[in-house]
Amino acid sequence: MKLQDTLELHVKAAVKELFRSDLESVEFQATRKEFTGDITVVVFPMLRVVKGNPVVIGEQIGQYLQDNVTLVKGFNVVKGFLNIEIDDSYYVDFFNTIKNQSNYGFASLKDDKAVMVEYSSPNTNKPLHLGHVRNVLLGYSVSEILKASGKKVYKTQIINDRGIHICKSMLAWQRFGNGETPESTGLKGDKLVGNYYVEFDKAYKTEIAELVVQGQNEEDAKKNAPILLEAQEMLRQWEAGDAEVVALWEKMNGWVYEGFEETYKAIGVDFDKYYYESQTYLLGKEFVAEGLKSGVFFKKEDGSVWCDLTEDGLDEKIVLRADGTAVYMTQDIGTAIQRIKDYPDVGGMVYTVGNEQDYHFKVLFLILKKLGFDWAKNLYHLSYGMVDLPSGKMKSREGTVVDADDLIQEMADTAEEISKELGKLDDYSEADKKELYKTIGLGALKYYILKVDPKKRILFDPKESIDFQGNTGPFIQYTYARIQSILRKSNIDENITLSAAEVSLHDKERELLKQLEQFPEVIQNAASQHSPALVANYTYDLVKDFNSLYQNVSILGADKEEEKVFRVQLSKTVGQTIKNAFSVLGIEVPERM
RNA sequence: GGCCACGUAGCUCAGCUGAAUAGAGCACUGGAUUUCGGCUCCAGCGGUCGUAGGUUUGAAUCCUACCGUGGUCACCA
């Protein structure tokens, strides 16, 4: 049983015996550094049940605990705070239970409904950029955290593969492409298709300018530009199933998917299942028809279908256009239902989508509830803030978009520069070195993004993101590598288990053990709050405590053999915990760096 | 304008399901190595927790108003 749970029972018993009152709960907090003790009971909330002076009450409870609970070895009361000192044997026993658990902190799979986590969900007309990077890192990490908390998880995305955007790229490629392919140009497929999207925009603008010269006003010119009309015609042909257009669409989307896969692989994320808008919007239309019958939706005179959400404090929302074609909402309804059909064990879903779509998801979840799906109550919009650059917002038109592939490469390059200066890798092969630079560069990037609360905006300062000191990924990786170095040099018997009597704890060791004890709870909290930031910040605190110990005591040069054994084992366990924590953030740890 | 989110040290962020003197990192200043990896550690400097009210024994945390920033209010996605 956890320390806090044990103490809670005893505090309740104490209050029962001393004051003949029943407490519903007991409030604990870690004892602040400036006071003596390991864990603190806050007396104030008890005053509602037990009348009296908080200091006196604290003293009485403290005395009771000291007399009746063996692991309580002392106490003191400051104001309304009862600081309890815990016997070292508790921490040593705790350590012995976890020291060989390679999966420490992770809960075993609970017999519970699975969760589907959607992330990435790109359009197929341009490459991934920094904004997608945050999305992908968050979604992947939340998936891993949910798994670590004991849930079955499916990772997925919805690919926006149909619509005018891809037709624009297709048309431009037809006109200006001269049959170029990723193979013939050596370009990644998503980059190639993205280039033609830009080409389209250029041609479009030229045509608008020409029409304006010919006397049209700008608004009309934007609507009448021939190339735009042609793109719209192409979309109609696609919807009509024109064989040639569909073949081109399949070819160019295929290029994009290959490009995306390369980027996902470079980032180190994966998916269990892909959904395509082109395959789910029809199901959405079916359910709109059904909702119309059951009265969830209503039809306007022009034939468009709406959902009235005014009773819920929202507006009316369109779910089908007057011409009968699907809107965004239609296909999201279809996609959600399709997913539950495909995976009947799924009881809830997490949508990783930027906060500009907060309203959309509020409405989507409400509509699914109205349609009567019981899983609709377990839908969560993992809403995250924009990524800004020091120069302001990213704007594709102004060319300030940070490309995902470029970014990953730059991070690795920077890691290489810094590592070379410090040079500890002379005996590494070139391939191993490259792999390591990628690990460090990606570690820096991922940690920089994940340590911030998802809902907050991120200011992405390239200079700061590649910082290696302080609260950064490489700092934590460095500590891990340093621990591995100790383990390589130590030659202790791994299987020794020291009893509490054989170990006397250094203050820093006790701090570290308390910190280690928190890890499983951190994972659970991060899961329920969908926040990798909690894991990131925890890991940093753990690492700081380890470095402090490292600086204060000699591990391999400990005076006594038992001390050395204990410290090496402790170091190993800290290393394992760093590794586990980082694994749910999607960050690798190096043996050396 | 309506609705939503955010506002904590010069900068980047924790703390936000209420509790002790609001914590880290960067930057700046000063220290530590006959020692296991100095990408380290220790200390100092730095705060009207956006503003004003309210609830409470107790508010950065909860409530209200206002200010600032961003988002959103499409038969776009």
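As the structure is a computational prediction, the values presented were derived from the model and not from experiment. Note that these values count all heavy atoms, side chains included, but never hydrogens, waters or copies made by symmetry. Residue numbers begin at 1 in each chain, while the letters A, B, ... track the order of the sequences.
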Using the aromatic ring of A:Tyr540 (for Trp, its six-membered ring), decide whether it stacks on the base of B:A24 within the limits of 5.5 Å and 30°.
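A:Tyr540 vs B:A24: stacking no.
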Using the six-membered base ring of B:C39, report whether A:Phe468 stacks on it, requiring centroids under 5.5 Å and planes under 30° apart.
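No; by the centre-distance and plane-angle rule, A:Phe468 does not count as stacking on B:C39.
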Residue-phosphate contact under 4.0 Å: [X] side-chain N/O, [N] OP1/OP2:
X        : N     : value
A:Lys317 : B:A74 : no
A:Ser419 : B:C39 : no
A:Arg567 : B:C36 : no
A:Lys456 : B:U12 : no
A:Asn160 : B:A77 : no
A:Arg32  : B:A22 : no
A:Lys451 : B:A14 : no

Applying a 3.5 Å limit to both distances, which nucleotide forms a Watson-Crick or G-U wobble pair with [N]?
N     : result
B:C49 : none
B:C41 : B:G31
B:C3  : B:G71
B:G25 : B:C11
B:U57 : B:A19

[atom1] atoms of [N] and [M], separation to the nearest Å:
N     : M     : atom1 : result
B:G54 : B:C42 : C1'   : 45 Å
B:C6  : B:U61 : P     : 13 Å
B:C67 : B:U51 : P     : 15 Å
B:G23 : B:G47 : P     : 14 Å
B:G7  : B:C66 : C1'   : 14 Å
B:C49 : B:G18 : C1'   : 15 Å
B:A59 : B:A52 : C1'   : 15 Å
B:U8  : B:G50 : P     : 6 Å

How are the rings of [X] and [Y] set to each other: parallel, tilted or perpendicular (split at 30° and 60°)?
X        : Y        : answer
A:Phe519 : A:Tyr538 : parallel
A:His132 : A:His129 : tilted
A:His530 : A:Tyr380 : parallel

What are the atom names and distances for every N/O pair under 3.5 Å that joins the protein to nucleotides 27-35 of chain B?
none

If you look at every strand shown and take non-hydrogen atoms under 4.0 Å, does [X] touch a base, only sugar-phosphate, or nothing?
X        : value
A:Arg457 : sugar-phosphate
A:Lys362 : nothing
A:Ile318 : base
A:Asp453 : sugar-phosphate
A:Met386 : nothing
A:Arg48  : base
A:Asn83  : base
A:Thr472 : nothing
A:Pro45  : base
A:Phe44  : base
A:Ile486 : sugar-phosphate
A:Asn123 : sugar-phosphate
A:Ala481 : base
A:Gln357 : base

Integer-rounded Å distance: B:A20 P and A:Ile39 CD1:
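These atoms are roughly 16 Å apart.
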Between [X] and [Y], a side-chain donor and acceptor under 3.5 Å:
X        : Y        : value
A:Ser531 : A:Asp453 : no
A:Asn83  : A:Thr40  : yes
A:Ser383 : A:Asp358 : yes
A:Asp332 : A:His360 : yes
A:Tyr384 : A:Asn355 : no

Between B:A20 and A:Thr40, counting only base atoms on the nucleotide and side-chain atoms on the residue, is there a donor-acceptor pair under 3.5 Å?
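Per atom types, the contact qualifies.
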With a 4.0 Å cut-off on N to O distance, would you call A:Arg339 and A:Glu118 a salt bridge?
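Here A:Arg339 pairs with A:Glu118 in a salt bridge, since their nearest N and O are under 4.0 Å apart.
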With side chains defined as the heavy atoms from C-beta onward, is the minimum distance between A:Tyr351 and A:Met349 less than 4.5 Å?
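A:Tyr351 vs A:Met349: side chains touch.
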